Every structure is written in C-alpha cells, then in structure tokens.
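Keep in mind the model is a prediction, meaning the values are calculated, not measured. Counting starts at 1 for both ligands and their atoms, in listed order.
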Amino acid sequence: MKLFGSYTSPYVRHCRVALFDLGITFDFIDTDYTASAEGSPAMRVPFLHDNGLQLSDSSSILMHVYHSKGIPFIETAEQMELYALSNTAMDTTINLFFLEKDNVTPQHSAYLKRQSNRIDASLAALELTNLPKALPLNIAETRLACYLDWALFRKRISLDEHPNLLSFVKLANTWSTFADTAPPK
Ligand SMILES: N[C@@H](CCC(=O)N[C@@H](CS)C(=O)NCC(=O)O)C(=O)O
C-alpha cells in the first residue's frame with residue numbers, strides 16, 4: 001500500500017493516524033504540488049495505491065483501510081454529521097489559506113466573506129457538540145481533531161471562545177498515535 005501525501009496536510013494526517021492505529025504497513029511518499037497534479041485527478045493529497053486500487057480522497061482512503069480490517073467506516077448519522085461538518089470547516093479554512101497565498105482575501109469577495117462566516121458558524125456549532133472527555137476517539141472525532149490541530153498550527157483559528165474545542169484538541173494530543181503524526185514544527 002502506498003500513501004502519497006505531505007506531513008502538514010490534515011487530510012493526510014487522518015489517513016496516517018488510521019493506518020498506524022490499525023497496524024497497517026504502508027509506504028509514505030512525500031508528494032508536492034507538482035507530483036499531486038500528475039498523480040491524482042483530484043490534484044490533491046492524499047491519494048493511495050493499493051493492489052491496483054487507486055483512491056483520490058481521504059474519505060475513500062479511510063473507508064478502504066477500515067473495511068480492510070472489517071471495521072465499519074462511520075455507523076450513525078450523528079457521527080457522519082460531525083465528520084461532515086468538521087470536513088466542511090476544514091475544506092473552507094484550507095480554501096481561504098491557499099487563496100491568501102495569492103493575495104485573495106474575504107475583503108475582495110462576498111463569497112469569500114461567506115466562506116469566512118462558514119468557518120465561524122461551524123466552530124460555534126462544533127463547540128456545542130457532545131465531544132468526548134476521554135480517549136479513544138472515533139473516526140468523526142479524529143477528523144475534527146485533525147482539522148483543529150492543523151488550523152491552530154497554521155494560526156487560522158482561535159479557540160479562545162471555544163473552551164470545549166480547546167479541551168478536546170488537548171485530549172486528542174494525549175493520544176500518542178495522533179501526537180506522533182503532528183505537522184513538523
Ligand atoms: N477532499 C480531499 C481534500 C484534500 C486537500 O484539500 N488536500 C490539500 C492539502 S491539505 C491539497 O492537496 N491541496 C492542493 C490543491 O488544492 O490544489 C480529501 O479529503 O482528501
């Protein structure tokens with residue numbers, strides 16, 4: 001199994017956490033912008049090659065690795081909602097992050113202002129979610145942890161007004177598999 005990705009991507013991190021946690025051996029191929037454009041139709045990381053199967057999204061990769069161990073991907077609508085809302089917030093935060101590198105910010109666009117509001121609204125809703133107070137984290141909770149830890153690492157969000165999310169991300173970092181996959185400082 002070959003996982004193509006970067007050490008900073010939160011999507012790649014979620015896949016690495018799952019693979020380590022499940023004890024699945026894999027080759028990690030450090031993949032930059034140029035290589036992801038050549039290697040995946042989505043032109044993004046992660047992507048995965050496994051015995052002729054080619055997957056171009058972290059969610060299909062996660063489903064594949066959990067199913068390979070006979071474990072369901074996500075079982076309830078509540079967990080799917082947490083996964084999806086975390087994912088929406090992550091996609092949106094990353095979209096603004098990349099656009100800012102090109103000097104395109106919410107001041108220039110009503111839609112990007114909506115994107116910024118979407119992040120705030122998602123964090124406010126996630127703050128009110130019933131989050132765990134102890135390990136282990138399930139797949140949806142791990143998604144949220146990958147998002148929050150990346151967004152804090154990149155200084156894209158503040159959790160000063162979200163104490164539950166702050167406690168949650170601290171809890172996630174007590175999980176050695178999660179902490180060991182942190183973006184390099
Ligand atoms: N839906 C994708 C999103 C992956 C994604 O956005 N990856 C970023 C890195 S964190 C990327 O490769 N971006 C490059 C680009 O947008 O061209 C997934 O879940 O795998």
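The shortest contact between atom 17 (O) of ligand 1 and any protein heavy atom is with M43 O, 3.6 Å. Looking only at protein heavy atoms, the nearest one to atom 1 (N) of ligand 1 is D57 OD2, 2.7 Å. The protein heavy atom nearest to atom 16 (O) of ligand 1 is R44 NE, 3.3 Å.
Proximity of the aromatic rings of Y83 and F73 is defined here by a centroid distance below 6.0 angstrom, and this criterion is met. You'll find the ring centres of F4 and H49 inside the 6.0 Å limit. In summary, the aromatic rings of F47 and Y11 are positioned with their centroids too far apart to meet the 6.0 Å limit.
If you check the side chains of T93 and R156, you find no donor sitting under 3.5 Å from an acceptor. With no hydrogens or angles considered, no side-chain donor-acceptor pair links R44 and S9 at under 3.5 Å.
The 12-atom threshold is exceeded at CE of M80, counting heavy atoms of other residues, nucleotides or ligands nearer than 6.0 Å.
Using a 4.0 Å cut-off to heavy atoms of R143, the atoms of ligand 1 that qualify are 19 (O). When each atom of ligand 1 is checked for a heavy atom of F98 under 4.0 Å away, the hits are 13 (N).
Close N/O approach between V45 and ligand 1 is found [any backbone or side-chain N/O within under 3.5 Å]. For D91, no nitrogen or oxygen atom sits less than 3.5 Å from a nitrogen or oxygen atom of ligand 1, counting backbone and side chain alike.
At least one heavy atom of P46 sits less than 4.0 Å from an atom of ligand 1.
Rounding to the nearest 0.5 Å places CG of N51 at 8.5 Å from CG of L53.
Of the options S59, S9, S58, the smallest heavy-atom separation from atom 18 (C) of ligand 1 is shown by S58.
Proximity of M90 to ligand 1, defined as any heavy-atom pair under 4.0 Å, is not found for any part of the residue.
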